[in-house]
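Comments concern the structure below.
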Amino acid sequence: MKHEIEVRAPAAHAFSVFVDEMSGWWPFAYTVSKDPLAKVVMEPRLGGSWFELTVSGRRIPWGAVAAFTPETHLGLTRTGSDGHPLSNISIWFRPRSAKLTQVELQHQAACAHSIAEDGDPLSQPSAWPAILREYAEAASPTSRALLNA
């Protein structure tokens with residue numbers, strides 16, 4: 001599945017919000033546990049972990065950072081509850097102007113096993129469009145100024 005969205009921000013800011021501020025914009029409906037969410041964490045480095053942390057302190061792995069090129073590209077692996085690879089997610093941040101970035105996300109199954117069979121909420125057809133809308137809103141400096149007012 002391929003998805004694209006325009007973010008009203010420079011590429012560096014768009015990348016930073018995606019990686020460093022995921023807890024602020026990630027929709028609760030797309031967590032694994034469905035427990036009250038304390039935060040979503042992505043360790044910003046190649047090989048870093050990607051997980052949710054619930055308010056009760058449970059750490060639920062989502063996958064790992066497979067590619068990390070600041071301001072340009074982020075690659076993630078998604079693992080199932082058994083630790084086996086489910087899918088690969090590639091996100092490209094392409095500057096269109098000084099204040100506009102095209103974000104392209106591609107989500108592909110890692111093997112013949114269907115990602116939908118494992119109950120991965122990200123495999124739902126409506127998942128990434130909804131997630132990317134929340135992200136784009138959070139990454140827009142104009143929106144952020146209004147939210148903080």
Side-chain angles (χ1 to χ4, degrees), residues 1-34 37-54 59-80 84-149:
M1 294 182 284
K2 182 178 174 182
H3 306 280
E4 294 183 6
I5 195 161
E6 286 189 340
V7 176
R8 295 177 314 243
H13 179 77
F15 186 90
S16 176
V17 170
F18 198 98
V19 173
D20 301 324
E21 300 178 28
M22 195 173 265
S23 287
W25 57 265
W26 191 271
F28 175 74
Y30 300 103
T31 61
V32 174
S33 69
K34 304 294 186 238
L37 184 65
K39 61 182 169 176
V40 176
V41 177
M42 182 184 306
E43 296 171 338
R45 60 180 166 73
L46 186 61
S49 295
W50 183 32
F51 59 93
E52 72 183 74
L53 186 63
T54 67
R59 179 180 164 145
I60 300 156
W62 287 5
V65 178
F68 191 83
T69 307
E71 300 181 25
T72 306
H73 180 240
L74 179 65
L76 303 169
T77 59
R78 183 88 163 144
T79 55
H84 286 91
L86 287 179
S87 59
N88 298 306
I89 302 162
S90 187
I91 306 118
W92 293 94
F93 300 81
R94 296 187 170 100
R96 295 294 180 225
S97 71
K99 296 181 180 180
L100 187 66
T101 302
Q102 182 75 26
V103 177
E104 178 185 307
L105 182 144
Q106 187 144 3
H107 188 179
Q108 297 178 304
C111 60
H113 169 75
S114 168
I115 57 178
E117 289 175 18
D118 197 52
D120 183 0
L122 298 183
S123 68
Q124 300 169 11
S126 61
W128 282 114
I131 292 167
L132 289 174
R133 278 191 302 274
E134 293 292 328
Y135 155 70
E137 185 69 23
S140 168
T142 305
S143 298
R144 181 169 287 194
L146 292 174
L147 290 172
N148 291 332

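One-based numbering along the sequence shown.
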Tell me every residue that passes ring-ring contact (aromatic ring centres under 6.0 Å, His included) with [X], counting only those two or more places apart in sequence or in another chain.
| X | result |
| --- | --- |
| Tyr30 | none |
| Trp50 | Trp62 |
| His73 | Trp92 |

**Leu76 side chain near Asn88 side chain, heavy-atom distance below 4.5 Å** = no
**Asked** Any side-chain heavy-atom pair from Ile131 and Pro27 closer than 4.5 angstrom?
**Response** yes
**Request:** Apply side chain to side chain donor-acceptor pair (under 3.5 Å) to Trp25 and list each qualifying residue two or more places apart in sequence or on a separate chain.
**Result:** none
**Request:** Apply side chain to side chain donor-acceptor pair (under 3.5 Å) to Thr31 and list each qualifying residue two or more places apart in sequence or on a separate chain.
**Result:** none
Residues that [X] engages under side chain to side chain contact (heavy atoms under 4.5 Å, CB included), provided they are two or more places apart:
| X | result |
| --- | --- |
| Ala14 | Val7, Phe93, Thr101, Tyr135 |
| His3 | Met1, Leu105, Trp128, Pro129, Leu132 |
| Ala66 | Thr77 |
| Glu6 | Leu100, Gln102 |

**Request:** Can you tell me which residue pairs pass the salt bridge (Lys or Arg N to Asp or Glu O under 4.0 Å) test with a partner in residues 38-50, sequence neighbours excluded?
**Result:** Glu43-Arg45
**Request:** Write out all pairs satisfying salt bridge (Lys or Arg N to Asp or Glu O under 4.0 Å) with one or both partners inside residues 86-108, taking only residues at least two apart or from two chains.
**Result:** Lys2-Glu104, Arg94-Glu104
Closest non-hydrogen atom pair between [X] and [Y], with its separation:
| X | Y | value |
| --- | --- | --- |
| Leu74 | Phe68 | CD1-CD1, 3.8 Å |
| Ala11 | Pro95 | CB-CG, 3.9 Å |
| His13 | Ala9 | CD2-CB, 3.5 Å |

**Spacing of Glu52 atom CD and Ser23 atom OG [to the nearest 0.5 Å]** = 10.0 Å
**Approximate separation, where rounding is to 0.5 Å, of His107 NE2 and Leu86 CG** = 7.5 Å
**Message:** For Pro85, is there any backbone N or O sitting under 3.5 Å from a side-chain donor or acceptor partner on Thr79?
**Reply:** no
**Prompt:** Would Arg78 and Ser87 satisfy side chain to side chain donor-acceptor pair (under 3.5 Å), going step by step from the backbone distance to the final call?
**Reply:** CA-CA 5 Å; Arg78 183 88 163 144; Ser87 59; 5.3 Å; no
